[in-house]
Number of protein chains: 2
Amino acid sequence: MNSSPPIVNNQNAGATQYVAGSGNSASVTSPTFSPLYQQIKALITQSLQSGEWKPGELIPSENELATRFKVSQGTVRKAIDELSAENLVVRRQGKGTFVATHHEARSQFRFLRLLPDEGVPHYPENRIIEVKRLRAPADVARLLDIKSGDSVVFLRRVQAFSGVPTILDELWLPGVIFKGLTAERLNEYKGPMYGLFETEFGTHMIRASEQIRAVCAEPLAAQLLNVSVGTPLLNVERVSFTYGDKPVELRRGLYLTSAHHYQNELS
Amino acid sequence: MNSSPPIVNNQNAGATQYVAGSGNSASVTSPTFSPLYQQIKALITQSLQSGEWKPGELIPSENELATRFKVSQGTVRKAIDELSAENLVVRRQGKGTFVATHHEARSQFRFLRLLPDEGVPHYPENRIIEVKRLRAPADVARLLDIKSGDSVVFLRRVQAFSGVPTILDELWLPGVIFKGLTAERLNEYKGPMYGLFETEFGTHMIRASEQIRAVCAEPLAAQLLNVSVGTPLLNVERVSFTYGDKPVELRRGLYLTSAHHYQNELS
DNA sequence: AAGTGGTCTAGACCACTAT
DNA sequence: TAGTGGTCTAGACCACTTT
């Protein structure tokens with residue numbers, strides 16, 4: 001708590017020079033030189049990252065934070081505006097601001113973009129094929145920002161819509177974080193895996209980057225998805241990040257797109 | 001200009017009741033009941049849609065708009081904040097706010113998500129295969145929100161990276177809007193087609209919705225992309241919209257993803 | 001009634017761009 | 001020097017939720 005840099009207001013309404021933090025004061029060399037609300041945003045993000053407020057919990061009110069950081073309520077508001085736009089927190093009028101969680105209906109499809117060509121979207125059933133621990137190959141290690149040979153959890157599963165196998169996922173997870181992950185716990189769990197990751201392993205995914213290609217089904221995929229070898233599949237490679245842009249999941253999904261499609265909005 | 005609804009402030013700092021528009025006044029039944037800044041945003045959007053300010057042009061300053069609409073500068077600011085977030089306008093400190101245009105380096109890849117697996121992204125070369133006018137089939141008409149049998153321009157082209165054919169596009173455009181579109185004008189033009197659409201046909205695309213699938217190359221596609229029949233391709237179906245969420249382009253793209261990938265950020 | 005986020009105003013200063 | 005957008009403050013009222 002003592003290592004945080006001072007809050008520096010580089011530009012205000014001719015009033016006091018705002019300096020906060022740990023009794024810090026004077027001789028401000030303005031090391032950051034970023035807008036106040038960005039500094040506040042960074043401080044709030046730190047609290048989210050450190051687990052001071054956990055997913056689903058209420059964070060202090062705008063007025064409380066304004067008092068704590070010694071800035072106006074409007075400045076805190078602008079900071080939270082951005083955090084809200086980035087889906088890190090959720091505002092509820094009259095109630096307060098809450099840390100975003102994957103245990104909500106509204107977030108079910110945020111990381112699952114495969115929708116039925118016709119009919120109402122619904123979440124698929126999971127079937128875990130295998131879970132094992134192994135040493136990270138070089139390419140996996142690089143993407144997860146760990147050392148080659150470090151322990152990783154490898155996981156393979158099939159997702160089905162109304163009994164029709166449609167998605168084959170292969171995941172690589174840092175072994176350090178996902179210690180006790182077993183097929184049993186995964187099979188018991190309903191809904192997005194990110195909910196379980198959040199609750200059981202304290203790892204909240206905040207964003208992901210995907211690379212999409214078209215490929216032909218190889219024997220294993222063909223068998224698990226119940227299609228012929230050579231059937232065209234969508235190959236979706238994803239790296240997911242938690243707070244601080246730290247990569248914590250590498251995923252390769254093969255999507256059968258004969259009755260579903262990957263939906264994307266360009267805006 | 002006389003048909004615009006009055007601006008109604010449903011909540012302000014105990015001061016005057018703000019009503020603007022065309023000399024309108026009194027007996028306000030509050031038909032809209034939306035925040036002031038949303039009403040201002042709608043008015044600005046109307047001006048964009050009507051062509052009062054064209055792409056690339058400077059719009060009036062926040063203070064001018066505040067005076068015109070009889071609201072505070074902060075309210076105009078919040079309206080423009082959202083328009084800026086939606087890429088309808090671009091702010092430049094010290095200069096002003098400009099109508100967004102497709103003639104900018106920063107917007108080159110906004111609607112082209114296919115990136116090379118290795119190396120620096122660069123814009124592909126175009127080769128127009130054919131342009132013809134025909135009557136809209138039922139499915140095309142439905143997506144373009146026109147009547148079945150209405151005139152549409154059909155266009156087929158191949159895009160290549162460093163001489164390697166990679167994208168086969170088929171487009172359907174409303175004939176009413178894209179009257180004089182010819183292969184010559186398209187071939188002369190460098191860069192994104194949306195730039196030409198904007199300049200030559202006064203149609204600015206603001207967003208698009210894509211559905212992605214994996215398919216096998218059929219004979220025509222195989223020939224034009226110089227691959228074997230059956231090669232897996234990314235099938236990207238896009239509907240593009242201009243102001244007022246009006247659909248004005250239907251596009252089917254076939255992407256060869258052996259050296260490129262479709263990049264998508266989930267946030 | 002009290003507390004929360006949501007909206008609106010007014011006024012100040014800063015950073016950047018043009019003249 | 002003047003004008004633009006960018007930041008910050010202070011204070012008011014509204015809409016919603018809980019006590």
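Just so it is clear, the structure is predicted and the values come from calculations on it, not from any experiment. Each chain gets a letter, A, B and so on, in the order its sequence line appears, and its residues count up from 1.
A:Asn63 places its CG atom 13 Å from the C1' atom of D:dA12, with the value rounded to the nearest Å. Atom-to-atom, NZ of B:Lys41 to P of C:dT7 comes out at 12 Å; the value is rounded to the nearest Å. As rounded to whole Å, 10 Å separates atom C1' of C:dT4 from atom CZ of A:Phe98. What separates CZ of B:Arg91 from P of C:dC16 is a distance of 17 Å, to the nearest Å. Note: CZ (A:Arg77) to P (C:dT7) measures 7 Å, nearest angstrom. The CD atom of B:Glu62 sits 12 Å away from the C1' atom of D:dT7 (whole-angstrom rounding). Rounded to whole Å, atom P of D:dC8 lies 13 Å from atom CG of A:Asp81. Protein atom NZ of B:Lys78 is 18 Å distant from nucleotide atom C1' of D:dG5, rounded to whole Å.
Of the candidates D:dC8, C:dC8, C:dA18, D:dC8 carries the atom nearest the A:Ser72 side chain, counting heavy atoms from C-beta on. The nucleotide whose nearest atom lies closest to any side-chain atom of B:Glu64 is, among D:dT4, D:dC8, C:dT7, D:dT4.
Using cut-offs of 30° and 60° on the angle between ring planes, the pair A:Phe201 and A:Phe178 is tilted. Below 30°, between 30° and 60°, or above 60°: for A:Phe197 and A:Tyr194 the angle between ring planes is between 30° and 60°, a tilted geometry.
Residue contacts for B:Gln93: at a heavy-atom cut-off of 4.0 Å it reaches a base atom on one of the strands shown.
Between A:Arg251 and A:Asp169, at least one side-chain nitrogen of the basic residue sits less than 4.0 Å from a carboxylate oxygen of the acidic one, meeting the salt-bridge criterion.
The phosphate of D:dT18 (OP1 or OP2) has a side-chain N or O of A:Lys95 nearer than 4.0 angstrom. Between B:Thr97 and D:dT4, a side-chain N or O to OP1/OP2 separation shorter than 4.0 Å is absent.
A donor-acceptor contact under 3.5 angstrom links the side chains of A:Glu210 and A:Tyr262, judged on distance only.
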